[in-house]
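Encoded as structure tokens, the structure appears first; notes follow it.
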Amino acid sequence: NQGDQLDFYIKLPKQALNQLQMNKLCFWQYHSLIRIYGSDGGLIYSYGDREYKRGKMLGNEYISAPIPRYCFGSVIHIEVKQVQAYSSSHITKFRLMNAGEAHLYPLLGNRLNFALYGSLLLVSVFAISISLVRMIGVNQDRKGSLVTMNLSLFLLAMSIWQLSSRRMFY
């Protein structure tokens with residue numbers, strides 16, 4: 001419920017995943033203020049404070065928090081404070097990733113969906129373009145082009161909806 005707070009304590013591996021790149025802790029959270037503290041108690045990441053104070057609603061957020069090297073081999077503390085009226089009922093899955101790969105976090109477990117709906121998105125945009133050219137062009141097959149256009153617009157809307165609901169547009 002609003003005002004509830006969850007505290008997560010995560011023991012990090014002794015070494016960073018990649019010594020050349022920053023490492024990031026990736027996860028999803030709903031309608032929450034996020035604060036991550038290092039082993040020394042110092043704040044290393046914060047999300048939502050400014051937005052919440054300005055009256056903006058915090059939504060379904062993808063968090064990609066940089067983790068400093070000194071935190072490895074110790075326990076970090078993640079504080080999640082619910083700021084909306086309803087509690088979050090999902091299970092938070094934390095994943096430590098190289099900074100260069102952190103943008104791929106939404107695709108984990110969704111590769112088939114991304115391939116299917118991404119392809120559908122591209123095909124529908126192509127079909128809409130062809131339909132427009134045929135409707136405006138010399139042949140002017142308006143009835144056939146209109147059917148193709150309507151079907152393509154439906155498929156475009158469906159692919160955008162699915163990619164968005166599966167958090168692949170961010």
Side-chain angles (χ1 to χ4, degrees), residues 1-8 10 17-18 21-36 43-67 76 78-136 142 144-170:
N1 292 329
Q2 187 173 7
D4 287 352
Q5 181 173 314
L6 286 173
D7 292 295
F8 298 97
I10 298 177
L17 298 173
N18 185 332
Q21 285 188 345
M22 174 68 75
N23 288 259
K24 292 192 171 189
L25 186 67
C26 303
F27 60 99
W28 294 101
Q29 195 59 47
Y30 303 103
H31 310 296
S32 301
L33 298 174
I34 311 289
R35 291 187 190 99
I36 302 177
L43 184 68
I44 58 174
Y45 181 83
S46 171
Y47 171 78
D49 288 318
R50 281 182 292 159
E51 293 84 355
Y52 185 65
K53 286 177 184 171
R54 286 188 286 176
K56 294 191 176 190
M57 183 166 97
L58 302 175
N60 181 0
E61 295 300 326
Y62 167 57
I63 305 296
S64 177
I67 303 296
I76 60 172
I78 301 169
E79 182 181 280
V80 177
K81 184 174 182 183
Q82 190 72 32
V83 294
Q84 299 299 323
Y86 300 104
S87 62
S88 177
S89 62
H90 78 286
I91 296 171
T92 302
K93 296 178 184 176
F94 298 99
R95 182 174 291 250
L96 189 62
M97 300 181 78
N98 290 325
E101 298 171 352
H103 66 282
L104 298 174
Y105 179 77
L107 296 179
L108 296 174
N110 281 318
R111 288 184 183 141
L112 181 61
N113 291 320
F114 181 73
L116 175 68
Y117 295 114
S119 299
L120 189 60
L121 179 91
L122 294 175
V123 167
S124 61
V125 168
F126 179 73
I128 289 168
S129 303
I130 297 297
S131 296
L132 283 173
V133 168
R134 289 187 66 202
M135 287 173 75
I136 296 169
R142 293 190 187 271
S145 295
L146 191 60
V147 170
T148 303
M149 173 74 81
N150 288 334
L151 179 62
S152 299
L153 286 170
F154 171 74
L155 294 176
L156 177 69
M158 187 180 77
S159 61
I160 290 172
W161 171 44
Q162 287 297 316
L163 288 168
S164 298
S165 71
R166 295 171 192 276
R167 302 177 180 145
M168 288 185 252
F169 278 161
Y170 64 95

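Fair warning: this is a prediction, and the values are worked out from it, not measured in the lab.
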Query - Atom of Met149, atom of Ile128 and distance for their closest heavy-atom approach - result: SD-CG2, 3.8 Å

**Report entry** Atom of Ser119, atom of Ala115 and distance for their closest heavy-atom approach
**Finding:** OG-O, 2.7 Å

Query - Neighbour count above 12 (heavy atom, 6.0 Å) for Phe126 CZ - result: no

Report task. Please report the shortest heavy-atom distance between Ala65 and Ile36, naming the atom on each side. Result -> CB-CD1, 3.5 Å

Report summary line: Residue pairs meeting salt bridge (Lys or Arg N to Asp or Glu O under 4.0 Å), one or both in residues 26-35, sequence neighbours left out, come to Arg35-Asp49, Arg35-Glu79

Query raised in the report: Who are the side chain to side chain contact (heavy atoms under 4.5 Å, CB included) partners of Leu151, not counting sequence neighbours?
Result: Leu155

**Report entry** Contacts of Leu116 that satisfy side chain to side chain contact (heavy atoms under 4.5 Å, CB included) - sequence neighbours left out
**Finding:** none

Report task. Quick one: list whatever passes side chain to side chain donor-acceptor pair (under 3.5 Å) with Tyr47, sequence neighbours left out. Result -> Glu61

Report task. Search all heavy atoms of Ser159 against all heavy atoms of Tyr117 and return the closest pair with its distance. Result -> CB-O, 3.5 Å

**Report entry** Listed partners of Ile10 passing side chain to side chain contact (heavy atoms under 4.5 Å, CB included), at least two apart
**Finding:** Leu12, Leu25, Ile76, Ile78, Phe94

Requested in this report: Inspect the surroundings of CZ in Arg54 and state if more than 12 heavy atoms from other residues, nucleotides or ligands are less than 6.0 Å away.
Outcome: yes

Report task. Please tell me if the side chains of Leu156 and Leu121 come closer than 4.5 Å, counting only heavy atoms from C-beta onward. Result -> yes

